[in-house]
Number of protein chains: 2
Amino acid sequence: MATQPVTTRIVLASRPTGKPVAANFRLEQETVRDIGEGEVLLQILYLSLDPYMRGRMDDAKSYAKSVEIDGVMEGGTVARVVGSRNAAFKPGDIVLSHSGWQSYAISDGSALRKLDPDAAPITTALGILGMTGFTAYAGLRNIGKPKAGETLVVAAASGAVGSAVGQIARIFGARVVGIAGGAEKCDYASREFGFDAVIDHRSSDFASRLEAACPNGIDVYFENVGGHVWNAVFPLLNDFARVPVCGLIAHYNEEPSISEGHNQLPTVMRGILRRSLTIRGFIQREFVDQRPDFYREAAQWIAEGRLKYREDIVDGLENAPEAFMGLLEGKNFGKLIVRIAQ
Amino acid sequence: MATQPVTTRIVLASRPTGKPVAANFRLEQETVRDIGEGEVLLQILYLSLDPYMRGRMDDAKSYAKSVEIDGVMEGGTVARVVGSRNAAFKPGDIVLSHSGWQSYAISDGSALRKLDPDAAPITTALGILGMTGFTAYAGLRNIGKPKAGETLVVAAASGAVGSAVGQIARIFGARVVGIAGGAEKCDYASREFGFDAVIDHRSSDFASRLEAACPNGIDVYFENVGGHVWNAVFPLLNDFARVPVCGLIAHYNEEPSISEGHNQLPTVMRGILRRSLTIRGFIQREFVDQRPDFYREAAQWIAEGRLKYREDIVDGLENAPEAFMGLLEGKNFGKLIVRIAQ
């Protein structure tokens, strides 16, 4: 075998308090060991950066284990097989893996899915045709259940999950009101994704503009933000409204101020009772049986031009921490992906 | 026709701030008018008093209209037909009606359900075989969905809804931990309803005792209380736990203190997300199609001695306000019913 490659990896150096900072990450290098029988050596081409990773940096009870201190940061990846002692894979194969923030990884093959580069750009396996798109689909199909003519509101409407939620909800027949931060993202979401209205949550009259955009109230609120967006949405939820809770990006970098002041819980619980609301947290993994339906339907919608997506590609693994910190502040524009190798 | 009877009724004199007081109610008397074609004259025998009535005294957005100022207080009743110009009813018939806090009422017959006094005590139509029992059944069947071996927690476990919830959950195969206020109610719930454990929420170490009683966490929490019981339950909810929200009696008489201090909402929303929790408000009316199933199953369970109930009967309509104020403080012991006439 040729000289073993050196892997570059980014590990969790320390747990953040509030917003992550550069010192929470550390870049390391190590020569990759020889692969054993049944194993494959992967060269990582693309790494997906997603808000959920902020939760993995905490040491809290969650649906998934925390990243250990000094452990490689977790993440979905697209990789090329560059060495194989596993009959199912040969060098040159492109696979979806969950190899984390590093440039090479060894796998026993069990969690790999082969991708067909001719069927779709391989980065889409990290976004619209991957976890991102399926999160939108699963949350709508199983919890949000928008009906024709109902009003659905989704925040981060120009983002990876939000733009898929809004477009799929429109395909299901709902009227879609998006929320985004800043005029550029609002204009883009309105023009590119065809939402019925898009409201800027940074505008001073955000709550009243949202109310005006939802004259019949809100039947589904796809929650991926929390914070002041929730506060504006909550009074507008109709009887029997459904709230799939997919993310709370405004809370991930929680600063003390978010838990100060008035205790909102009694008001929210009374609203849940009086308006027969459903609030339901979920992760896409729970609905794994529906993935084949999703791949089939989403590919069709993309082919028809009804489901569009935007990617925001950053070059170089060493830039992943900064890109991730920017993601948590809404600085990306589209599905954030790091290109590690060509 | 004989001399027209005089009806006594209790109206909403003013809206309460926090706990209702005697001055929020006013007793009035009026001679009943003649009934018209198609109408029936009802003499009210029993009035059900329920926590939801506190919500009707407020002028807030809810699933049901508020009682108007000077309007008769709302409530479910069992009545005897004493005059009829409606072919479907004859004097002497016993009916379930929603006539409110008064001694006589006129109905067009459309919302009446005839009761068979030989099949079950007629008061059960206001409790275990009425809205109370069906609320427990509908919340469990549609939202709580306890599976065999799961742990269900219910508060007000000696009360009308709570005792039915716990017993039906046991019939469904769940392990049931009840919560009640004071040693007498705890002993009773344990002895009479056969719950696996009953914890006194007034004990100083309530939260740690609840945790000890739920070594495998909580899979279903039937919420009818809120406040400090919720605070003890929330950390124990397992991944995919379900919380049917049926009532919030601790909040109905909300005092300013309940919304003071730490804002709990961000913590609760994060818990919903991280543990894929379902929080779902409901009223039994939504599941009206399941009532025939319920009547059949509940009658069977009662006959088999697997579903027991306790009634707390107060004499005299004039005592309804005091009994209702006591209900909101947990002073009743069993389904609270006012006997208005024999």
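Here is the naming used below: chain letters follow the sequence lines, and residue numbers restart at 1 for every chain.
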> What is the minimum heavy-atom distance between A/V245 and B/L273, and which atoms define it?
Replying inline: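 Looking at all heavy atoms of both residues, the shortest contact is O-CD1, 3.4 Å.
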
>> Give me each pair satisfying salt bridge (Lys or Arg N to Asp or Glu O under 4.0 Å) with a member in residues 132-154 of chain B, each pair once, sequence neighbours excluded.
In response: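 Pairs touching residues 132-154 of chain B that pass the test: B/R141-B/D293, B/K147-B/E150, B/E150-B/R242.
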
>> Counting neighbours of CD on A/Q290 that are heavy atoms of other residues, nucleotides or ligands and sit closer than 6.0 Å, is the number greater than 12?
In response: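 Counting neighbours around CD of A/Q290, more than 12 heavy atoms of other residues, nucleotides or ligands fall under 6.0 Å, so yes.
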
> So do the side chains of B/H262 and A/N263 get within less than 4.5 Å of each other, counting heavy atoms only?
Replying inline: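 No, too far: nothing below the 4.5 Å cut-off.
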
>> A side-chain contact here means heavy atoms from C-beta on lying under 4.5 Å apart; do A/E223 and B/M269 qualify?
In response: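 In short, these two side chains touch, coming nearer than 4.5 Å.
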
> What distance do B/F282 atom CZ and A/I272 atom CD1 have between them, rounded to the nearest 0.5 Å?
Replying inline: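 If we round to the nearest 0.5 Å, B/F282:CZ and A/I272:CD1 are 13.5 Å apart.
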
> For the atom pair CD1 (B/I279) and CZ (A/R280), what is the distance rounded to the nearest 0.5 Å?
Replying inline: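 One gets 10.5 Å once the value is rounded to the nearest 0.5 Å.
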
> Is B/D58 paired with A/R274 through a side-chain N to carboxylate O contact shorter than 4.0 Å?
Replying inline: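 A salt bridge is present here (some side-chain N lies under 4.0 Å from a carboxylate O).
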
